Amino acid sequence: MAGDAATRAPGDRETGLGLIRPRWWMLVLRGALGILFGILCLATPVAALLSLILVFGIFALAEGILGVAVAWGRARNAERWVWLAVGAVASIVLGVLAFIWPVKTAVVLTLLIAAHALVSGVAFLVSGIRFDGEHGRIWLILAGLLGIVFAVLLVLNPFAGALALTWLMGAWVFAFGVALVLLGLRLRRARPDRGARRQPQGSDRAGRAPAKSDGCPTVPIEM
């Protein structure tokens, strides 16, 4: 803690940079992991997609089991529990299906993404058509059309759409990891010199020790 405080610049406490600068290596490590994961997604999209589906299955199972426990507690306390239990059981079933049929689960998730894109695209398109002013209207219509086209492409070939989403995620994670690594290295180079910032207690800014006094008071001399 004392070492970290010694490496902070005068304005670091106000900006929060002093909390990040001593831990630059965490940013570099996280960025390196992001770069590695991005490369894996770009190089082996099928394996990366299946791994993500399995992770989703684990999350769904954990959420479902926790939901069942909460619903059981609410039922014992005579509280409403039916819909909570239904959602928990559905989450467990979805998690089990993710382990049994990972490819079909990927297709189902892709179709859900396509449905969301279609609804959003239609909403943007209708908003753009009904927009009163000309400023920004074309962008709303364009966003709606792109959302509808994206949804149609996913529905026509959901597995290829899932692979394309994996590639996009890999590219984004790779770029984000590179940014974190560059930021961490920049913070490392920006660390102030500890030896130059530590001065003996009681010294002035130039590093000189204060002059010793012999104990006699100084009397100003009038000219």
Side-chain angles (χ1 to χ4, degrees), residues 15-17 20 27-28 30-64 67 83-84 86-88 90-91 93-95 97-98 101-186:
T15 60
L17 186 59
I20 304 176
L27 295 176
V28 175
R30 183 178 177 182
L33 293 176
I35 292 174
L36 179 61
F37 182 72
I39 292 176
L40 291 177
C41 289
L42 295 174
T44 57
V46 177
L49 178 61
L50 294 179
S51 300
L52 291 175
I53 294 301
L54 294 179
V55 171
F56 170 77
I58 294 174
F59 174 78
L61 281 175
E63 184 181 19
W83 290 110
L84 182 61
V86 171
S91 182
V93 172
L94 187 59
L97 292 178
W101 297 308
V103 177
K104 293 182 179 180
T105 305
V107 172
V108 171
L109 292 178
T110 305
L111 293 177
L112 290 177
I113 295 175
H116 180 270
L118 180 62
V119 173
S120 300
V122 172
F124 274 101
L125 183 60
V126 173
S127 299
I129 294 175
R130 294 182 178 181
F131 195 66
D132 294 334
E134 293 294 333
H135 183 69
R137 180 180 184 181
I138 184 64
W139 298 111
L140 286 174
I141 296 176
L142 181 60
L145 292 176
L146 289 177
I148 295 174
V149 171
F150 178 69
V152 171
L153 292 177
L154 290 181
V155 171
L156 292 179
N157 198 337
F159 187 73
L163 293 181
L165 292 176
T166 306
W167 280 324
L168 290 176
M169 183 182 63
W172 176 79
V173 173
F174 180 84
F176 188 71
V178 171
L180 286 182
V181 170
L182 294 178
L183 175 60
L185 295 178
R186 184 177 180 87

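As the structure is a prediction and not an experimental result, all values here were calculated from the model.
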[X] to [Y] - nearest heavy-atom pair and separation:
{"X": "V173", "Y": "G38", "answer": "CG1-N, 4.2 Å"}
{"X": "A60", "Y": "S91", "answer": "O-OG, 2.7 Å"}
{"X": "G161", "Y": "T110", "answer": "C-CG2, 4.3 Å"}
{"X": "A114", "Y": "A151", "answer": "O-CB, 3.2 Å"}
{"X": "L154", "Y": "I113", "answer": "CD1-CG2, 4.1 Å"}

Hey, are the side chains of [X] and [Y] touching, using non-hydrogen atoms and a 4.5 Å cut-off?
{"X": "I148", "Y": "L118", "value": "yes"}
{"X": "V181", "Y": "L27", "value": "no"}
{"X": "L112", "Y": "L109", "value": "yes"}

* Structure fact -> Exactly one candidate in L168, T166, L36 meets side-chain contact (heavy atoms from CB on, under 4.5 Å) with C41; the answer is T166
Which value, rounded to the nearest 0.5 Å, describes the distance between [X] atom [atom1] and [Y] atom [atom2]?
{"X": "F150", "Y": "H116", "atom1": "CZ", "atom2": "NE2", "answer": "11.0 Å"}
{"X": "F37", "Y": "M169", "atom1": "CZ", "atom2": "CE", "answer": "4.0 Å"}
{"X": "L165", "Y": "L49", "atom1": "CG", "atom2": "CG", "answer": "9.0 Å"}

* Could you tell me which residues satisfy ring-ring contact (aromatic ring centres under 6.0 Å, His included) with F159, sequence neighbours excluded, listed by chain and number? =>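 Scan of F159 (ring-ring contact (aromatic ring centres under 6.0 Å, His included), adjacent residues dropped) gives none.
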* Starting from the C-alpha separation in whole Å, work towards a yes-or-no answer on side chain to side chain contact (heavy atoms under 4.5 Å, CB included) for L50 and L54. => CA-CA 6 Å; L50 294 179; L54 294 179; 5.5 Å; no
* To do: Before giving the answer on side chain to side chain contact (heavy atoms under 4.5 Å, CB included), spell out for I141 and L125 the whole-Å C-alpha distance, their side-chain angles and the decisive distance to 0.1 Å.
  => CA-CA 5 Å; I141 296 176; L125 183 60; 3.7 Å; yes
